[in-house]
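Reading through the structure tokens given below for one structure.
Residues take their numbers from the sequence shown, with the count starting at 1.
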Amino acid sequence: RRELERIGVDPSGIVRMLPKLELLPILVPHLRPAAANILKQELLSLGGDAAVARGSVACSVEKTDALLIATRKHLSALCAKLVQQPFGLADLADQLRELLAHLAAPAASWRLARRTLELKKPLIMGILNVTPDSFSDGGRYVTVEAAVNHALQMEDQGADIIDIGAESTRPGAPLISAEEELQRILPVLEALDGRLSAPISIDTWKAPVAEAALHAGAEIINDISGLTFDPSLANVAARHHAGLVLMHTRGKPESMQQDTCYQDLMGEIADFLQKSIQSALAAGLSREQLVVDPGIGIGFGKDVTDNLEILRRLPELAGLGCPLLVGTSRKRFIGAILSQERPEDRLFGTAATVALAVSQGARILRVHDVHAMRDVALMAHSIVSPSTD
């Protein structure tokens, strides 16, 4: 747009030309060859193309994925052509329209229980672990006084959200009961009442813990399971009009690293998160209350290679239509790459991942080192979004 304006193109011409400039390759999985052939022919007629499996034209394969190679303008025109087509292509047209709408208008805010957070700049979510066994800072903030002081310190350093967790999610960590989780969380929430301006997020997947925490002043539920461990959590969030973070994972902490093999890493993550979003919407939440998290880290069913690939391909999750949260802070994959055993030594590695995540579209960064990562995130955002004040 800036180059077209600099050239002096008529404003109406800019509106017409911009959709021709952006190539949007879209993967459509598991099509019957007949449907894939129609897609390819229709896109070719519009000036685009589609890559399909060899054998699709002769229908010698049972199914094929199709990679649509087209601009936004091509895809909009394709949707109009697919409405009358068989083989489920009319439904595909509806999905493509929704996808294009999400890409054209990314979420600009996040609605919580008692306020709305603007997403013009990346938000910093400060981590407060009130656990004895978290991988990075377990045991440091188990007393109420230490936890409260750290929460207030993170807010002073620029944290936009304070995320309190009472159950470790490190690989192999044992599960604790809801009662024990609440014994750790509620005294901290009570002590913070009236002293903290930033909204509080509770890192839990248990509906009873979420219910009590929201009654005690929390405004966000951060669910590592994407509503798969306790589906009733969605109803709790809906009743309280809370913000809800939906994260991708595989299995519970004690077993999540037993399955780290993916046929299509980003496709499977996107499919999981899409189902989580649909579950949340069915429970009565609005999309404006939802944030998605791809679950980066050794743990959550990924290995080092998977985590790097997710960071490279974050923009592919924009089509979900929800803001993106990324939590790489001090994670073991950073230590594995940099040969750093101690989590506290991973500051610069974390900074690199935060900067790249912001450049790839992340709007909320969950971090331990608030002051440093706030500077990193804002600097990266200023580079990639120069028009933002």
Got more than 12 heavy atoms from elsewhere within 6.0 Å of [atom1], [X]?
| X | atom1 | result |
| --- | --- | --- |
| Glu5 | CD | yes |
| Arg32 | CZ | no |
| Glu118 | CD | yes |
| His102 | NE2 | yes |

Residue of the set Ile185, Leu214, Ile221 for which side chain to side chain contact (heavy atoms under 4.5 Å, CB included) holds with Val209
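Answer after filtering Ile185, Leu214, Ile221: Ile185.
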Would you check if there is a donor-acceptor pair between the side chains of [Y] and [X] at a distance under 3.5 Å?
| X | Y | answer |
| --- | --- | --- |
| Glu181 | Thr204 | yes |
| Glu180 | Ser177 | no |
| Trp205 | Glu167 | yes |
| Glu288 | Ser286 | yes |
| Asn129 | Thr131 | no |
| Ser329 | Arg366 | no |

Is it the case that Arg346 places NZ or CZ above or below the six-membered ring of Phe333, under 6.0 angstrom from the centre and within 45 degrees of the axis?
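Geometry flag: not set, cation outside 6.0 Å or 45°.
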Any idea how His215 and His240 line up, ring-wise: parallel (<30°), tilted (30 to 60°), or perpendicular (>60°)?
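Perpendicular: the ring planes of His215 and His240 meet at over 60°.
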Applying salt bridge (charged side-chain N to carboxylate O under 4.0 Å, His left out) to Glu98 and Arg287, what does each step give before you reach the verdict?
CA-CA 13 Å; Glu98 182 180 40; Arg287 195 176 290 271; 3.7 Å; yes
Do Asp223 side-chain atoms and Leu227 backbone N/O form a donor-acceptor pair below 3.5 Å?
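Checking the backbone N and O of Leu227 against the side chain of Asp223, a donor-acceptor pair under 3.5 Å is found.
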For Asp160 and Ile124, indicate whether the former's side chain and the latter's backbone hold a donor-acceptor pair under 3.5 Å.
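Pair found, side chain donor or acceptor close to backbone of Ile124.
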Worked verdict on Arg115 versus Glu219 for salt bridge (charged side-chain N to carboxylate O under 4.0 Å, His left out)
CA-CA 9 Å; Arg115 71 189 89 186; Glu219 298 184 57; 2.6 Å; yes
Going by atom type alone, with no hydrogens or angles, which donor-acceptor pairs under 3.5 Å involve a side-chain atom of residues 46-57 and a protein atom two or more places apart or on another chain?
unit_1, atom_1, unit_2, atom_2, d
Asp49, OD1, Lys40, NZ, 2.8
Ser56, OG, Ala53, O, 2.7

Holding to salt bridge (Lys or Arg N to Asp or Glu O under 4.0 Å), I want the full list of residues that pass it with Lys20, two or more places apart in sequence or in another chain.
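Lys20 satisfies salt bridge (Lys or Arg N to Asp or Glu O under 4.0 Å) with no other residue.
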